[in-house]
There are 2 protein chains.
Amino acid sequence: MDTVNIMSSESNYHHGSLRAALIKAAFTLLDKDGIDAVTIRQIARVVGVAHSAPANHFKNKRELFTALALEIFKQLSKTLKSELEPNDKNLRESIHAFSKTILDFGLKHPNRYTLLSRRDCFNSSDEELYKSMEEVYQHMTRILSTHSNEDNLDAQSQAIALWSMIHGYVMLRLEGALISGSDELTGEDRQIAIVDVIINGLI
Amino acid sequence: MDTVNIMSSESNYHHGSLRAALIKAAFTLLDKDGIDAVTIRQIARVVGVAHSAPANHFKNKRELFTALALEIFKQLSKTLKSELEPNDKNLRESIHAFSKTILDFGLKHPNRYTLLSRRDCFNSSDEELYKSMEEVYQHMTRILSTHSNEDNLDAQSQAIALWSMIHGYVMLRLEGALISGSDELTGEDRQIAIVDVIINGLI
DNA sequence: ACATCAATATGGACACTGTCAATATAATGA
DNA sequence: TCATTATATTGACAGTGTCCATATTGATGT
């Protein structure tokens with residue numbers, strides 16, 4: 001009746017939904033101990049299958065990470081969508097909301113966000129992945145394009161500048177690379193001030 | 001006579017300056033094939049010593065990468081120093097020079113720059129490394145502090161915003177993550193426009 | 001119902017890695 | 001000179017990704 005048996009089968013030679021189980025286990029390892037802890041053999045161990053079973057679902061480790069990255073981009077895109085939904089914001093509010101969503105996501109899932117910036121780990125020319133990446137990107141370009149501004153800069157440069165700063169700030173926060181001088185740098189006020197800098201430059 | 005024999009010794013059981021040779025080989029591998037190609041055993045193979053010889057000079061791989069990162073930070077700091085030397089620039093010119101230096105360095109040595117943002121690979125709480133990191137950072141803070149501006153923002157926020165955007169832009173360029181829409185995004189004009197965004201926000 | 005084939009899982013193997021231990025050699029200093 | 005220290009060697013171990021031959025199952029067409 002079901003095309004996918006999860007637990008009902010008496011023999012458990014075939015898992016039934018191994019691919020999903022592998023991805024789930026991979027995220028558990030990723031979130032807990034970082035990218036290096038994500039190991040094909042460890043994943044297989046967690047799920048309880050042979051070390052070479054994953055090969056049937058992911059040609060190699062690169063493809064596994066590609067699947068993870070796709071999942072993360074989708075998750076991020078979904079979060080952005082719901083977070084930017086009430087569209088009655090002006091440009092400044094929209095950019096703040098966008099920036100805050102990205103930063104919050106990065107801080108909440110540091111290893112997932114880090115994975116996204118490790119292009120060497122996955123196949124970023126994968127078609128489905130590319131579509132998902134572009135979807136995230138378009139949340140931002142839409143904000144910039146809907147609010148017409150005195151075009152001292154073309155839209156592309158604005159988008160890149162904004163994205164560069166947000167991405168850079170998140171990465172620096174995650175790397176712990178923000179060398180503290182005299183005071184604390186991780187407060188929410190600071191974050192708002194940072195984003196204001198680029199908004200002042202854009203508007 | 002010499003405390004360090006490089007080639008003069010008849011027996012080559014002791015290399016003489018193995019540590020330097022290892023770092024040199026490591027950079028060759030890093031530049032050519034990226035971080036993952038930097039392997040203790042491969043380095044030893046290149047230099048022509050036993051696979052465990054490096055252990056006498058680097059406790060583990062982490063310490064090797066720490067040494068590499070230190071070298072890179074020093075190199076970057078030196079480049080910044082010489083590039084920012086003629087100090088007769090105004091704020092805008094100084095920031096452009098700083099940004100251009102960082103970006104040029106990143107594009108010229110992509111794998112070295114990438115290594116710097118992989119804090120998981122090295123011990124960033126190493127004292128000497130920390131000093132070197134702070135030196136790079138201070139090139140920027142000095143620019144911002146010497147040119148007094150109408151302080152709508154505190155210096156820390158300005159520094160972080162600037163550094164975030166430069167770092168983010170370089171990373172995105174290196175990752176190839178700048179999804180091209182209608183036109184090219186990698187020209188020098190684009191780079192200047194990007195930096196102008198944040199300058200307009202700062203001033 | 002049955003034979004066949006594709007999908008999926010297993011265990012073994014291989015080359016590679018980082019790290020450790022025991023040993024060998026050379027340089028140094030009292 | 002001789003003991004100590006620094007440096008190098010070989011060997012071992014567990015872990016990894018990937019491939020291979022084999023085994024089991026689900027699905028398909030007749």
Side-chain angles (χ1 to χ4, degrees), chain A residues 1-23 25-26 29-30 32-68 115 118 120-123, chain B residues 1-26 29-30 33-68 115 118 120-123:
Chain A
M1 188 168 280
D2 349 355
T3 56
V4 173
N5 288 336
I6 297 184
M7 312 234 70
S8 61
S9 181
E10 17 209 307
S11 98
N12 56 351
Y13 190 96
H14 285 118
H15 183 282
S17 55
L18 181 54
R19 204 192 123 99
L22 292 171
I23 289 183
L29 292 170
L30 175 65
K32 203 194 311 178
D33 294 320
I35 294 181
D36 288 344
V38 180
T39 277
I40 290 181
R41 290 176 107 105
Q42 182 60 25
I43 293 171
R45 233 171 270 132
V46 169
V47 174
V49 293
H51 66 267
S52 65
N56 293 303
H57 303 274
F58 306 102
K59 207 184 77 189
N60 48 36
K61 196 174 183 181
R62 192 174 189 74
E63 283 211 356
L64 167 66
F65 275 126
T66 305
L68 296 183
L115 177 60
R118 291 281 303 275
D120 55 309
C121 284
F122 56 89
N123 176 20
Chain B
M1 188 169 281
D2 349 352
T3 55
V4 173
N5 288 334
I6 297 183
M7 311 234 67
S8 60
S9 180
E10 17 208 309
S11 99
N12 55 351
Y13 190 97
H14 284 118
H15 183 283
S17 55
L18 181 55
R19 204 192 123 99
L22 291 171
I23 289 184
K24 188 179 172 186
L29 292 170
L30 175 65
D33 295 318
I35 294 181
D36 288 344
V38 180
T39 278
I40 290 181
R41 290 176 107 106
Q42 182 61 23
I43 293 171
R45 234 172 268 132
V46 169
V47 175
V49 293
H51 66 266
S52 67
N56 293 303
H57 303 275
F58 306 102
K59 208 183 77 190
N60 48 35
K61 196 174 183 180
R62 192 174 189 74
E63 282 212 357
L64 167 65
F65 275 125
T66 305
L68 295 183
L115 177 59
R118 291 282 303 275
D120 55 309
C121 284
F122 57 89
N123 177 20

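Only heavy atoms go into these numbers, but all of them, side chains included; no hydrogens, no water, no symmetry mates. In the text below, chain A, chain B and the rest are named by the order of the sequence lines, each starting its count at 1.
If you take CZ of Phe65(A) and P of dT18(D), they are 11 Å apart, rounded to a whole angstrom. Rounded to an integer number of Å, the gap from CG of Asn56(B) to P of dA8(D) is 6 Å. One atom, CD1 of Ile40(B), and another, P of dT16(D), lie 17 Å apart when rounded to the nearest Å. Atom pair His14(A):NE2 and dA7(C):P shows a separation of 12 Å (rounding to whole Å applied). Regarding Asn12(A), its CG atom lies at a distance of 13 Å from the C1' atom of dT8(C), rounded to whole Å. With rounding to whole Å, Leu18(B) atom CG is found 18 Å from dT25(C) atom P. Protein atom NZ of Lys59(A) is 17 Å distant from nucleotide atom C1' of dC20(D), rounded to whole Å. Between Asp33(A) atom CG and dT16(D) atom P there is a gap of 13 Å when expressed in whole angstrom units.
Phe65(B) places a side-chain heavy atom less than 4.5 Å from the side chain of Val38(B).
Evaluation of atom-type donor-acceptor distances gives no pair under 3.5 Å for the side chain of Arg41(A) against the base of dG15(D). Taking 3.5 Å as the limit, the base of dT7(D) and the side chain of Arg19(B) contain no donor-acceptor pair of atoms between them. Interface remark: the His51(A) side chain does not form any donor-acceptor pair with the dG15(D) base, using a distance-only criterion of under 3.5 Å.
Judged purely by atom type and a 3.5 angstrom limit, His15(A) uses its side chain to pair as donor or acceptor with the backbone of Ser17(A). At distances below 3.5 Å, not a single donor-acceptor pair connects side-chain atoms of Arg19(B) with backbone N or O atoms of Phe58(B).
Distances shorter than 4.0 Å separate some side-chain N or O of Arg45(A) from OP1 or OP2 on dT16(D).
A residue-by-residue look at Lys61(B) and Val49(A) shows that Val49(A) has its nearest nucleotide of DNA chain C further toward the 5' end. For the pair Ala50(B) and Arg62(A), both in contact range of DNA chain D, the more 5′-proximal nearest nucleotide belongs to Ala50(B).
In this structure, the nucleotide among dA8(D), dG17(D), dA9(C) sitting nearest to the side chain of Ala53(B) is dA8(D). Proximity note for Ser52(A) (side chain, C-beta onward) versus dC20(D), dT10(D), dA8(D): the nearest is dC20(D).
His57(B) comes within 4.0 angstrom of sugar-phosphate atoms only, judged by non-hydrogen atoms across all strands, and of no base.
Minimum interatomic distance between Cys121(B) and Leu115(B) (heavy atoms only, all atoms of both residues): CB-CD1, 4.3 Å. When every heavy atom of His57(A) is checked against every heavy atom of Leu22(A), the shortest pair comes out as CD2-CD1, 4.3 Å.
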